[in-house]
Chemist: 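Could you have a look at this structure, given as structure tokens, before my questions?
Proteins get letters first, then strands, A, B, ... in listed order; numbering begins at 1 in each.
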There are 2 protein chains.
Amino acid sequence: MARSDGGERRPGVRERQREETRRALLREGRTLFAGRGYADVGLAELVAAAGVTKGALYHHFPGGKTDLFRAVLDEVQQEVGARVAAAADVHDDEWSRLTAGCREFLAAATAPGIDRIMLVDGPAVLGWNAWRAMDEAASARHLAESLAALVEEGTLAPQPVPPLVHLLSGAMNEAALWLASSDEGPEALEETTAALLRMVAALRGA
Amino acid sequence: MARSDGGERRPGVRERQREETRRALLREGRTLFAGRGYADVGLAELVAAAGVTKGALYHHFPGGKTDLFRAVLDEVQQEVGARVAAAADVHDDEWSRLTAGCREFLAAATAPGIDRIMLVDGPAVLGWNAWRAMDEAASARHLAESLAALVEEGTLAPQPVPPLVHLLSGAMNEAALWLASSDEGPEALEETTAALLRMVAALRGA
DNA sequence: GCGTTGACATACCATCGGTATGTCCAGATA
DNA sequence: TATCTGGACATACCGATGGTATGTCAACGC
């Protein structure tokens, strides 16, 4: 159970190799899933790209293909969530935190290799409920907390927060998908971000 | 080429049987896809449920499983689009048409057997671009036209319409998914519809 | 009536996700 | 330091599934 030494972290060649294999699987999985979609990627090419075999994949991800995808999705969600949180945290007032977070979400979700995994295959592969739970934990929670705080401080009119969270979350997801697909450069991102923030701002008067 | 008769429509036992088979495939496909999702439905059980064989499926839908799904999705989209259009058409002023359409969309999309096909599997199976094109033709076009008219008549401030279409479309899609999954009865639908209409109404002041 | 063709049914195949088993070496133990 | 145990894989294999190629039979035009 407990280490015999004083809590030292000595990696050991064993654990290091393990981590490296897992990272390779995650990395190649992310690249392939982002590029051609979950369904069009076979396990054979996936493990070949990672330089391992199916045995390794099932050792690290007992649930197989979907389990690896879940791990990839989680990684992507965490990254996006972290970017949103970081963008919000540079501001003090709650309203700026919200708008900065929204802006950053659009930028992060439209970055290459994000939208297909996070917004298209995610719900289809894991089911909408599981996907929503992960999204909630990673990104939507920030949005929910921000909106709740704004209602609390009176900036937004008293109203049930959950519906608002879903409406805004859905609006941003679809906008990200649109921007990422018909990529017309950064001016489209700016225009859409402006439209989003106009809509959010309009809520203050409601 | 041309019929020898004067343009009469005599079905013929041949064509009638053909239509019946196609309808059976469509019906069973829709039921199964809605119930367990595209990936979890095998062709074997699908054609068995329809009382035909794989030969029939590939005869009517050369593209196979995805082709059948595309036809099912198209049917679903058309139905939802028709409901939205019908709800809007009972009003004369453009603003009422928009709000009625939004309300009806939420009701239609949260009806049993709609959301999974239209909003989850649709984008993943056919790709987001193809899905968006179908959605555009069936439902989002109404939204786009309505918003454009409202900007035109000055009810909404001058602004680019396409971003707004995507934001609102995405908001409604996500809301429908949420309502359909964690089904808490019609009061949740009312509450969310109210939140949506509040948000839309807020745009008038922006 | 008769050949043609459309609307399927049957038989078959390749591939893919998943599993069961084998192997080898790092590290704990004595 | 000799041993030996278990973790981290590799290899071999399997059933199922989507897809195809071929066969069949009756409706319809002539």
Chemist: Does B:His59 make a side-chain N or O approach to OP1 or OP2 of C:dC8 shorter than 4.0 Å?
Modeler: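 For C:dC8, OP1/OP2 do not have a side-chain N/O of B:His59 under 4.0 Å.
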
Chemist: Mind checking B:Gly42 for me? I need base, sugar-phosphate or nothing, with any heavy atom below 4.0 Å counting as a touch.
Modeler: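 Sugar-phosphate: the residue B:Gly42, judged by heavy atoms under 4.0 Å, touches backbone atoms but no base.
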
Chemist: Provide, to the nearest angstrom, the distance between the CD atom belonging to B:Glu15 and the C1' atom belonging to C:dT5.
Modeler: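 So the CD-C1' distance, B:Glu15 to C:dT5, works out to 15 Å.
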
Chemist: Give a yes/no verdict on a cation-pi contact between A:Arg204 and A:Trp95, requiring under 6.0 Å between NZ or CZ and the six-membered ring centre and an angle within 45° of the axis.
Modeler: yes

Chemist: Parallel, tilted or perpendicular: which describes the rings of B:Phe33 and B:Phe69, with under 30° parallel and over 60° perpendicular?
Modeler: perpendicular

Chemist: Quick one: pull up CE in A:Met172 and CG in A:Leu179 and give me the separation to the nearest 0.5 Å.
Modeler: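 It comes to 13.0 Å.
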
Chemist: What is the distance from CG of A:Leu68 to P of C:dG18, rounded to the nearest Å?
Modeler: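 Checked: the CG to P distance equals 11 Å.
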
Chemist: Give a yes/no answer on whether the side chain of A:Thr21 brings an N or O atom under 4.0 Å of OP1 or OP2 in D:dA8.
Modeler: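 Answer is no, no contact under 4.0 Å.
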
Chemist: Rounding to an integer number of Å, can you tell me how far B:Glu19 CD sits from C:dG6 C1'?
Modeler: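 Taking atom C1' of C:dG6 as the reference, CD of B:Glu19 is at 14 Å.
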
Chemist: Quick check for you: among D:dC9, C:dA26, C:dT5, whose closest atom lies nearest to any side-chain atom of A:Ala56?
Modeler: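 Nearest to the side-chain atoms of A:Ala56, counting from C-beta on, is D:dC9.
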
Chemist: Ignoring the backbone of A:Thr53, work out which of C:dG18, C:dC8, D:dT11 is nearest its side chain.
Modeler: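 Side chain of A:Thr53 sits closest to D:dT11.
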
Chemist: For the CD atom of B:Glu75 and the CE atom of B:Met118, what is their distance to the nearest 0.5 Å?
Modeler: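 Answer rounded to 0.5 Å: 13.5 Å.
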
Chemist: For A:Asp67 and C:dT19, what is the distance between atoms CG and P respectively, to the nearest whole Å?
Modeler: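 The distance from CG of A:Asp67 to P of C:dT19 comes to 12 Å, rounded to the nearest Å.
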
Chemist: Is any side-chain N or O of B:His60 closer than 4.0 Å to OP1 or OP2 of C:dA7?
Modeler: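 For C:dA7, OP1/OP2 do not have a side-chain N/O of B:His60 under 4.0 Å.
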
Chemist: Choose from C:dG18, D:dA8, C:dC8 the nucleotide whose nearest atom is closest to any side-chain atom of B:Gln17.
Modeler: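 Of C:dG18, D:dA8, C:dC8, C:dC8 is nearest to the side chain of B:Gln17.
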
Chemist: Provide, to the nearest angstrom, the distance between the CZ atom belonging to A:Arg18 and the C1' atom belonging to D:dA8.
Modeler: 8 Å

Chemist: With nearest nucleotide decided by heavy atoms, which residue, A:Pro62 or A:Arg14, maps closer to the 5′ end of DNA chain C?
Modeler: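 Here A:Pro62 is the residue nearer the 5' end.
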
